[in-house]
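Heavy-atom basis, side chains included; hydrogens, waters and symmetry copies ignored. These numbers were taken from a predicted model, which means no experiment stands behind them.
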Amino acid sequence: MSETPMNTLQYRFDGPEDAPVLILGPSLGTTWHMWDRQIPELSKNWRIFRFDLPGHGGAPAYPAGSVTELAGRLLATLDGLGVQRFGYAGCAFSGAIGIELALRHPERIASLAVIAASPRFGSADEFRQRGVIVRSNGLDPIARSSPERWFTTGFAAAQPAITEWAVQMVRTTDPGCYIAACEALAAFDVRAELSRIGVPTLVLVGSDDQVTGPAEARTLVAGIPDARLAVVPGASHLVPVEQPAAVTDLLIRHFSTAWQPAYDSTTGQMAIPAAPVKPVLAAPPQVGPVAEIAPPVVQPAVLGRPDPYDAGIKVRREVLGDAHVDRALASADEFSGDFQDFITRYAWGEIWDRPGLDRRSRSCVTLTALVAGGHLDELAFHTRAALRNGLTPDEIKEVLLQAAVYCGVPAANSAFKVAQQVIREETTPQE
């Protein structure tokens, strides 16, 4: 167990101290205990390092707003322990951390397994909406719906104790850290970079995963040059919990046979390691996971200085949501297209993207200006944007009360009606 400074992660070790280090990373809303049933076998041949995400499992609640930041905290933790090179297996959110490490720090990873992961997790709208729900209602709605996302129906019915354990894991997570993790997943998109991953990679997925299923797994395999796919039958999103024996067997096979030797910067050659780890493998199940090799995909190079439009469309989508922006762009024609280009480039690329104010502050200014101008249609979607940018319903109320003093009671009265309806829609958990 560990004491945890702000720039590191809570961790624990299992297994022989002189064995190669294998990291097991948890998914969003879970703790390192999701890997408990893999530890007895894996720790026979590896030094297992498990960590908790910030605010999970009793870890200090130091929110991290990006996958890159969390990867940095993990490396800082390992640096402090003297661990330079390791194998890595991560489930869902931690799968994204593993991909980030393979892209930015390939010299540290000997072999990679990503489980129930994707180069882009759903849509940014989905995760920002989840943050709005948590900010307004706490984690209970997310906790209650977790079993149906994580497990097959049959498993949840047959294993009520594990199902309740999963619900309690989410309930005990720090809400601020959960929201920050949602923001991190909303911004994560490495689809154009997969061909740069150079470590041996196992992509593992449950056949019934409705969150990041076989389609997302095949996208990873198609993009990563040295990757193979394993589909575990009868499993959903938390496949290490639902099918522990199959996952353990697949990880042993992968990390025993695909452990890339370290690169020696002094000689320019690969170092020849000592005798590789060759554990005795269990007999495969009668209905085993499916594995296949996919060819690499050459990604186009990105050249030149980014146009303000590129930054603008990114910020516009993050603030207003993909659905709203898609509707606006789809409705543009020869007459209005130049206006859409103008506001994307200058309103969003030049102003909203400036570092002088954070997005919460810009939302406060925008709401006040829209009340003053009586622009109720724009007020509706900027109220949604304010929730996405981190304002709570109570804070939006305070902005409108302030606007009533300086913009007039009639204008604020109309604004309250619009904002009230939007807040009800956005903060009511979906059943």
Side-chain angles (χ1 to χ4, degrees), residues 24-30 34-38 41-42 88-96 98-99 111-123 126 145-163 165-167 169-170 185 191 194 200-224 226-258 281-295 297:
L24 302 180
S27 68
L28 176 60
T30 73
M34 67 164 283
W35 292 103
D36 281 352
R37 293 165 79 184
Q38 278 74 41
E41 289 300 318
L42 294 181
Y88 184 97
C91 183
F93 192 104
S94 288
I99 293 170
S111 191
L112 175 66
V114 290
I115 301 162
S118 175
R120 184 189 186 195
F121 287 76
S123 70
E126 174 188 348
S145 63
S146 291
E148 65 189 53
R149 294 196 308 273
W150 288 354
F151 306 125
T152 59
T153 303
F155 180 88
Q159 300 287 345
I162 293 178
T163 301
W165 161 80
V167 170
M169 272 196 301
V170 180
L185 287 177
R191 289 173 293 178
L194 293 177
T201 303
L202 172 68
V203 179
L204 194 156
V205 65
S207 61
D208 301 327
D209 189 345
Q210 301 300 311
V211 181
T212 47
E216 288 81 2
R218 292 179 192 280
T219 300
L220 286 169
V221 173
I224 299 172
D226 186 9
R228 66 187 181 94
L229 175 66
V231 180
V232 179
S236 187
H237 193 55
L238 282 195
V239 58
V241 176
E242 192 161 4
Q243 293 289 350
V247 170
T248 301
D249 183 67
L250 285 164
L251 292 182
I252 289 174
R253 291 172 183 273
H254 174 67
F255 288 112
S256 298
T257 60
L281 301 179
Q286 288 185 334
V287 182
V290 179
E292 59 189 51
I293 302 292
V297 174

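Judged purely by atom type and a 3.5 angstrom limit, Ser27 has no side-chain atom pairing as donor or acceptor with the backbone of Cys91. The backbone N or O of Phe255 sits nowhere less than 3.5 Å from a side-chain atom of Ser111 that would complete a donor-acceptor pair. With Glu242 contributing its side chain and Thr152 its backbone, the two residues share a donor-acceptor pair below 3.5 Å. Between the side chain of Gln159 and the main chain of Ala157, no donor-acceptor pair closer than 3.5 Å is present. With His237 contributing its side chain and Gly206 its backbone, the two residues share no donor-acceptor pair below 3.5 Å.
Atoms CD and CD1, on Gln38 and Ile252 in that order, are 9.5 Å from each other to the nearest 0.5 Å. Note that CG of Leu220 and CZ of Arg191 are 11.5 Å apart. Values are rounded to the nearest 0.5 Å. Distance check, rounded to the nearest 0.5 Å: CG of Leu42 to CH2 of Trp35 gives 8.0 Å. To the nearest 0.5 angstrom, Trp165 atom CH2 is 10.0 Å from Thr163 atom OG1. Once rounded to the nearest 0.5 Å, the distance linking CZ of Phe155 with CG of Leu238 reads 9.0 Å. One distance of note links CD1 of Ile99 with OH of Tyr88; it measures 9.5 Å at 0.5 Å rounding.
When side chains are defined from C-beta on, Thr219 does not count as touching Ser118, because their heavy atoms never get closer than 4.5 Å. The shortest side-chain heavy-atom distance between Val205 and Leu229 falls under the 4.5 Å cut-off. Residues Ile224 and Leu112 have side chains not in contact (no heavy-atom distance under 4.5 Å, counting atoms from C-beta outward). Within the 4.5 Å cutoff, no side-chain heavy atoms of Leu28 are placed close to those of Phe121. Side-chain contact check for Arg228 versus Leu202: some heavy-atom pair is nearer than 4.5 Å.
Contact detail for Gly234 and Ser207: the closest heavy-atom pair is N-OG, 3.1 Å. Here the closest non-hydrogen pair linking Pro26 and Met34 is CA-SD, 3.6 Å. Between Thr248 and Arg37, the shortest heavy-atom distance links the atoms OG1-O, 4.1 Å.
Side-chain contact, Ser145 with Arg149: a donor N or O sits under 3.5 Å from an acceptor N or O.
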Q.
Between Val239 and Asp209, is the side chain to side chain contact (heavy atoms under 4.5 Å, CB included) condition met? List the steps.
A. CA-CA 8 Å; Val239 58; Asp209 189 345; over 6 Å; no
Q: Output, in order, the C-alpha distance, side-chain angles, deciding distance and verdict of side chain to side chain contact (heavy atoms under 4.5 Å, CB included) for Trp150 and Thr30.
A: CA-CA 11 Å; Trp150 288 354; Thr30 73; 3.6 Å; yes
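In terms of the side chain to side chain contact (heavy atoms under 4.5 Å, CB included) criterion, residue partners of Glu126 (sequence neighbours excluded) are, by chain and number, Ser123, Arg130. Every residue meeting the salt bridge (charged side-chain N to carboxylate O under 4.0 Å, His left out) condition with Asp36, not counting sequence neighbours, appears here in chain and number order: Arg50.
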